[in-house]
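Report on the following structure.
Both ligands and their constituent atoms are indexed starting at 1 by order of listing. What's counted below: heavy atoms across the whole structure, side chains too, no hydrogens, waters or symmetry copies.
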Amino acid sequence: MSFGELRIYNSLTRKKEIFEPLHAPHVGLYVCGPTVYSDVHLGNCRTFTMFDVVYRYLSFLGYKVRYVRNITDVGHLVGDADEGEDKIAKKAKLENLEPMEIVQRYTNGFHDVMKALNNISPSIEPTATGHIPEQISLVERIIENGYAYERNGSVYFDVEKYNQNYHYGKLSGRNIEEQLAGHRTLDAQEEKRQPVDFAIWKKANPEHIMRWHSPWGEGFPGWHLECSVMSMKYLGNEFDIHGGGLDLQFPHHECEIAQAVAGSGKDPVRYWMHSNMLTMNGTKMSKSLGNVIMPAELFEGTNALMSEAYSPMVLRFFMLQTHYRSTMDISDDALKAAKSGYLKLINALRTIRNMDYENTAEDIQINEKAVKDIQKSIDTIHKGLNDDFNTAVALSGIFNLVKKVNTLQLGQLLPAQLGKETFELLKHSLLRISEDVLGLQEETPNLSPLIDVVLDMYKQAKESKDYDKVDALRQEAKAIGIVFRDLKNGSIWAYEE
Ligand code: AMP
Ligand code: ZN
């Protein structure tokens with residue numbers, strides 16, 4: 001089955017482009033991972049979930065994706081600048097632990113959250129500390145090519161020199177000439193030639209605990225270096241997609257391009273993708289601003305701004321309701337609405353999964369309008385996903401299918417009125433897109449057999465007209481978010497929407 005052409009908005013060209021992999025059916029996808037000095041917040045989760053959908057949709061289309069997402073475990077300094085403490089080393093000192101204990105703890109926590117959100121593990125999850133020799137050799141190549149200089153054991157990227165031959169600022173659109181001309185002069189003790197230069201290797205001060213031998217003495221790599229090295233090591237000198245949050249576009253990704261070009265003469269990335277920020281009251285959710293909500297607070301219902309607990313799947317559904325290039329504001333109301341939408345979807349998935357095509361009567365006419373509606377909705381879903389992974393549009397198509405499933409459940413529409421092909425297409429599309437592409441699934445399917453037992457008790461109580469028991473069972477079920485529905489051909493249970 002052909003799903004049409006996929007278009008991706010390329011941040012580099014600022015255009016939507018038809019996706020043409022360099023080595024189809026293989027696709028290389030690199031996503032900047034977390035800096036593991038603290039737990040990820042919901043903002044981080046948005047970006048990682050968004051790229052999980054990119055990975056899932058590309059796989060759904062039949063591509064064999066090598067998905068690389070790194071772990072930053074050294075080199076990211078407090079303030080994201082070239083001076084200051086390493087974020088991980090700082091936390092280690094504070095807690096009197098080894099830096100690698102900090103790294104392990106928050107990597108484990110990150111994995112737990114990704115699992116709860118049903119984000120698929122990347123194919124490779126390389127760490128910055130595991131690639132120090134490769135980073136040193138890239139620094140050497142950049143120096144050899146004349147785009148970096150050493151000062152007192154640190155190495156800086158020469159932005160002005162680079163910009164004479166290439167274009168520093170091509171990704172972020174920043175005008176480097178203005179910055180070069182208008183900048184303050186540097187203090188005598190500063191090592192950089194220009195304030196815009198950035199460190200690719202830093203000398204370790206005596207108190208700096210994370211340090212490695214290098215041709216320039218003991219030190220550690222600059223933050224931007226790891227992604228240049230690891231993306232090219234695992235995906236090649238040219239690869240398809242590089243992604244991350246919009247806040248990484250500058251300086252992180254701009255510097256990555258400069259390093260790769262300065263080292264190898266070529267920009268390795270074909271499509272640059274950036275997901276927009278999760279905000280609260282219009283302000284970016286960020287650790288430095290202190291306005292973060294942590295996943296655990298949301299899942300356990302301990303966040304003061306939230307009236308109840310929201311599960312990981314509700315959070316995922318909420319995130320998919322907005323296209324990834326738009327900002328998205330989180331609030332209790334928005335999550336409440338997402339919860340209701342998610343449960344509607346899950347109820348429909350349960351219904352259609354358990355429904356089989358049957359045609360007992362011979363004189364049943366095909367309902368042409370319903371067939372057309374279903375085809376149109378499936379079309380909407382694929383058009384949405386093909387239009388730069390527009391999950392919001394895809395969800396609108398999915399909800400049209402959900403409506404059809406509900407009419408099937410109520411017996412207002414019969415599978416036979418759709419014909420076998422359309423019925424199977426509806427079933428297949430709804431389940432595969434929701435579960436495989438969007439990663440939305442029932443959270444407690446293991447409870448179903450138990451609820452089935454309670455449903456049987458409910459049916460018996462109804463049959464024997466024991467209405468007190470019927471009420472009591474209804475209430476007990478409601479307490480765990482379950483309702484009984486009495487349909488034409490019997491009673492069923494569903495999640496309370
Ligand atoms: P960090 O660990 O801070 O380097 O961030 C990990 C990822 O989360 C990066 O891709 C960031 O761009 C992304 N990120 C950080 N804050 C937000 C936010 N408020 N909304 C969406 N993504 C974010
Ligand atoms: Zn990166």
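- The two residues Tyr342 and Glu442 make their nearest non-hydrogen contact at OH-CA, 3.7 Å.
- Ring-centre distance between Tyr106 and Tyr37: not below the 6.0 Å cut-off.
- Checking Asn119 against Tyr55 by side-chain atom types alone, no donor-acceptor pair falls below 3.5 Å.
- Checked against the 6.0 Å centroid threshold, His252 and Phe198 do not count as a close aromatic pair.
- By the 30° and 60° cut-offs, the orientation of the rings of Trp201 relative to Trp216 is tilted.
- Residue Met277 has at least one heavy-atom neighbour below 4.0 Å for each of these atoms of ligand 1: 17 (C), 18 (C), 19 (N), 20 (N), 21 (C), 22 (N), 23 (C).
- In the model, Tyr166 has no side-chain atom that pairs as donor or acceptor with a side-chain atom of Asp267 under 3.5 Å.
- At least one N or O atom of Met285, backbone or side chain, sits closer than 3.5 Å to an N or O atom of ligand 1.
- Closest to atom 9 (C) of ligand 1 by heavy atom, among Leu42, Asn276, Leu248, is Leu248.
- Here's the thing with Asp247: one of its N/O atoms is less than 3.5 angstrom from an N/O atom of ligand 1.
- Within the coordination shell of the Zn ion (ligand 2), defined by N, O or S atoms under 2.8 Å, His224 is absent.
- The nearest non-hydrogen atom to atom 15 (C) of ligand 1, considering only Asn44, Val31, Thr327, Thr72, comes from Asn44.
- At least one test fails for Arg432 against the ring of Phe60: distance under 6.0 Å to the centre or angle within 45° of the axis.
- Side-chain polar atoms of Tyr67 and Asp52 form no donor-acceptor pair below 3.5 angstrom.
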Next item on the list: Determine, step by step, whether Arg193 and Asp158 satisfy the salt bridge (Lys or Arg N to Asp or Glu O under 4.0 Å) criterion, reporting the C-alpha distance in whole Å, the side-chain angles of both residues, the deciding distance to 0.1 Å, and the verdict.
Entry: CA-CA 8 Å; Arg193 285 184 191 153; Asp158 189 339; 2.9 Å; yes
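- Counting only heavy atoms of the protein, atom 20 (N) of ligand 1 lies nearest to Leu278 N, 2.7 Å.
- Gly43 O, 2.9 Å is the protein heavy atom nearest to atom 21 (C) of ligand 1.
- The protein non-hydrogen atom at the shortest distance from atom 4 (O) of ligand 1 is Thr35 OG1, 3.7 Å.
- When only non-hydrogen protein atoms are considered, atom 22 (N) of ligand 1 lies nearest to Thr47 OG1, 2.7 Å.
- In summary, the atoms of ligand 1 found under 4.0 Å from a heavy atom of Gly245, numbered by their order in the structure, are 10 (O), 12 (O).
- Near Phe48, meaning under 4.0 Å from any of its heavy atoms, are these atoms of ligand 1: 6 (C), 7 (C).
- Near Lys284, meaning under 4.0 Å from any of its heavy atoms, are these atoms of ligand 1: 16 (N), 19 (N).
- Centred on the Zn ion (ligand 2), the SG atom of Cys227 and the SG atom of Cys32 lie at an angle of 120°, reported to 10°.
- Heavy-atom proximity to Pro34, at under 4.0 Å, picks out these atoms of ligand 1: 2 (O).
- Defined by atom type and a distance below 3.5 Å, a donor-acceptor pair is present between the side-chain atoms of Tyr57 and Asn386.
- For the ligand labelled ligand 1, residue His41 lies inside the 4.0 Å heavy-atom shell.
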